[in-house]
Structure formats: C-alpha cells, structure tokens
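By convention in this document, chain letters (A, B, ...) are assigned in the order of the sequence lines, proteins followed by strands, and residues within each chain are numbered from 1.
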Amino acid sequence: MPYPTALTIFKELKRPASISRLADMLGLDHSTISTAVSSLVAEGLAEKQRDGKKVLVKRPNTLHAHSLEDILKEYPRLPVENLFTNSSMEVLGALTQPHNITDTAAMTGLNRHTVSTALTKLSGYGIVLKEKGRFALNKRHRYTVDLVNNYWRYAANQRLRDIADDAIILWQRGPEFLFKTQTDPGHTGEKDIQPTATTVFSRYNLQIITTTRYYFHTKRRMRVEDHIIHTILIDPQNPTYNSYALALATRSGATDLLNTGRYYNMEKHIESLLEYLRTKEKNSDAVLPWSEYMDLFSSMVV
DNA sequence: CATGTCCCAAAGAGTCCACT
DNA sequence: AGTGGACTCTTTGGGACATG
C-alpha cells in the first residue's frame with residue numbers, strides 16, 4: 001500500500017530523478033528515500049534504472065501508475081499522499097457498490113473506527129459520496145475508480161505470480177480475490193490464501209469429482225457462507241455450480257447467506273436461490289429442475 | 001441498531017545514523 | 001546506494017459509552 005512519503009516521491013517523478021536528487025528536493029535523508037522508492041517499486045509505482053553511478057527512478061508503465069498520473073493532472077491540489085493510504089485503498093476497494101460503515105468494516109476486515117475515519121476523509125474531497133447512510137465511490141471521479149481497480153488488480157497478479165502460474169482470477173473486489181488452479185499451491189504458509197468452494201466440500205462430507213482447486217485471498221476469517229458464495233461465483237449462471245452451492249448450504253445449515261450475499265453484491269441471486277429451495281420449483285435458468293437437483297445432491301453425499 | 005467519539009495499547013511506518 | 005538498528009510518531013484495533 002502506498003504511504004505518504006512514497007506518494008510524495010511519485011509526485012516528484014514528473015521526470016526521472018536519482019535517489020540523492022530526490023533526497024535534496026524533499027529535504028529527507030537518502031536512506032528514507034531509498035526505502036520509500038523500494039516500496040514504490042514493489043507496488044508497481046516506480047521503476048529503477050542504473051545510469052552510470054546513479055540510479056534513476058522513474059514512473060513505470062503500469063495501469064495504476066497511469067491512473068495516478070491522471071489524478072494528479074486532473075486534480076493537482078488533491079492531497080493524494082494523505083488520501084490513498086493503506087486503509088483508504090481497502091475501503092475504496094469495497095465501495096464499488098454502496099455500503100454502510102458496518103458492512104464495509106465486515107467486508108474489509110478493518111475496524112469500524114478505521115473505516116469511519118477513512119470515509120470522513122474521502123467524503124471531504126468528494127471521492128466518496130454518502131446517500132441514505134450508505135457510502136459509494138463517486139463514479140464521476142473516474143480516474144480514482146480506475147486507480148482503485150488497477151491497483152488491486154496489479155496487487156493480485158503480483159501475489160498470484162508467486163503461487164501458481166496457471167492461476168486464473170474468477171472474481172475480485174479490492175484486495176480479495178477468488179482464483180482457480182490445477183496445481184496444488186502447496187505452501188500452506190500463505191495464511192491469507194485459503195481453500196474455498198468445491199475444494200472444501202469434503203469438510204462437509206460432500207463429494208465432487210474435480211481436479212480444479214479453488215482458493216480465496218483475504219485476511220478475513222472465512223465462514224461457510226463465503227464457501228457457498230464462492231461456489232456460485234465459479235460460474236454464476238451455471239446450474240451445476242448453483243446446485244453445488246445449494247447442496248453445501250443445505251448440508252451446513254448456513255444461516256447468514258443473505259447477509260453475506262450482500263457483501264458480494266449477490267443479494268438478488270441469493271434471494272432467488274433461497275426461493276428455489278423453499279418452493280422446490282425451478283425459477284430461473286441458473287438452476288436445475290428440482291428432481292435433477294435432488295439426484296445430484298444425493299450423489300454428492302458421502 | 002448504526003454511528004460517532006474517546007481512550008489506551010499494539011503494530012507499523014517513517015526517520016536518521018553508522019556502516020558497507 | 002543500500003542495509004540494519006534504534007528511535008519516534010502515526011495509524012489501527014477494540015472496548016466503552018453517548019447520540020439519533
């Protein structure tokens with residue numbers, strides 16, 4: 001996550017500059033600049049290039065670096081170094097759809113207080129709009145929308161590169177993403193990458209024949225409701241995956257599906273599936289005729 | 001019930017210095 | 001220019017409580 005000093009340096013990089021020159025310009029110790037530049041590089045917001053004795057730092061050719069440049073051009077007076085900090089970026093990542101503070105805190109795993117502070121700051125600059133107690137990213141700030149999307153996409157790809165080269169992202173919002181892979185990532189040391197969807201079905205004594213493995217990147221603690229929704233997200237219009245999800249919902253007795261569905265902007269879809277369970281009547285093309293679903297369900301139970 | 005505020009502790013970021 | 005250590009300051013988390 002970019003932090004104030006790093007973003008201040010990014011601002012100065014209208015032209016490539018060396019570490020010592022940046023230290024002079026900003027009146028900071030060269031080691032401070034050095035650390036900050038390293039973090040910028042790690043995040044795809046700077047690039048280093050040796051030039052004889054010096055190391056030239058310049059803006060890289062990444063999508064989020066361009067978005068950030070656009071913001072600086074469009075709103076030169078915006079204090080980006082204070083606005084786009086760690087928690088702000090996480091909060092913005094959650095607000096592609098309107099949510100209240102409590103939901104946003106639950107979605108990001110941040111403290112309610114932290115979310116509230118970030119939102120007050122962002123609202124003050126019109127980056128976030130408040131309507132009927134709910135907050136959402138101001139769509140008119142399109143460069144900010146781009147920055148948030150591109151930033152998190154880059155972060156996800158960085159992360160995945162270390163894990164599995166065949167990984168494909170199926171869903172993403174902010175720092176959280178669902179991906180599938182054929183290879184077993186193995187290193188369980190990655191504590192923010194947790195198995196999910198059909199990959200955890202055996203925990204609930206449900207059987208699925210597949211070699212594809214699904215994982216979710218989050219720092220939140222996942223619940224069975226998350227596993228169910230991830231199963232749907234594999235292919236939301238596909239009756240098979242919806243059936244798998246329903247089987248898991250039934251089997252686990254999940255009680256908070258509707259609420260969790262809201263976090264994933266899947267409220268309508270979940271409502272429709274719950275209605276299907278209640279009425280035992282096919283109510284959309286995303287589900288199987290009830291008798292076929294029952295057959296599938298009994299074939300899965302171990 | 002959701003939100004805003006306050007406090008305090010812990011974690012993390014930011015800084016500079018000495019050394020390489 | 002980069003690294004590691006020591007230090008300070010800021011941000012964050014969590015509990016408690018008032019407000020609406």
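- The only option from A:His230, A:Glu176, A:Arg173 that meets the side-chain hydrogen bond (donor to acceptor under 3.5 Å, both in side chains) definition with A:Tyr264 turns out to be A:His230.
- What separates CZ of A:Phe84 from C1' of C:dT11 is a distance of 18 Å, to the nearest Å.
- Side-chain atoms of A:Thr212 and A:Gln182 include a donor-acceptor pair closer than 3.5 Å.
- Taking the charged nitrogens against the carboxylate oxygens, A:Arg59 and A:Glu47 have no contact shorter than 4.0 Å, which rules out a salt bridge.
- For A:Lys11, the side-chain hydrogen bond (donor to acceptor under 3.5 Å, both in side chains) partners at least two apart in sequence or on another chain are A:Glu81.
- What separates CG of A:Leu119 from C1' of C:dT12 is a distance of 15 Å, to the nearest Å.
- Between A:Thr183 and A:Asp166 the shortest side-chain heavy-atom distance falls below 4.5 Å.
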Heavy-atom protein contacts under 4.0 Å, nucleotides 2-9 of chain B, coded B base, S sugar-phosphate only, - none: SBBB----

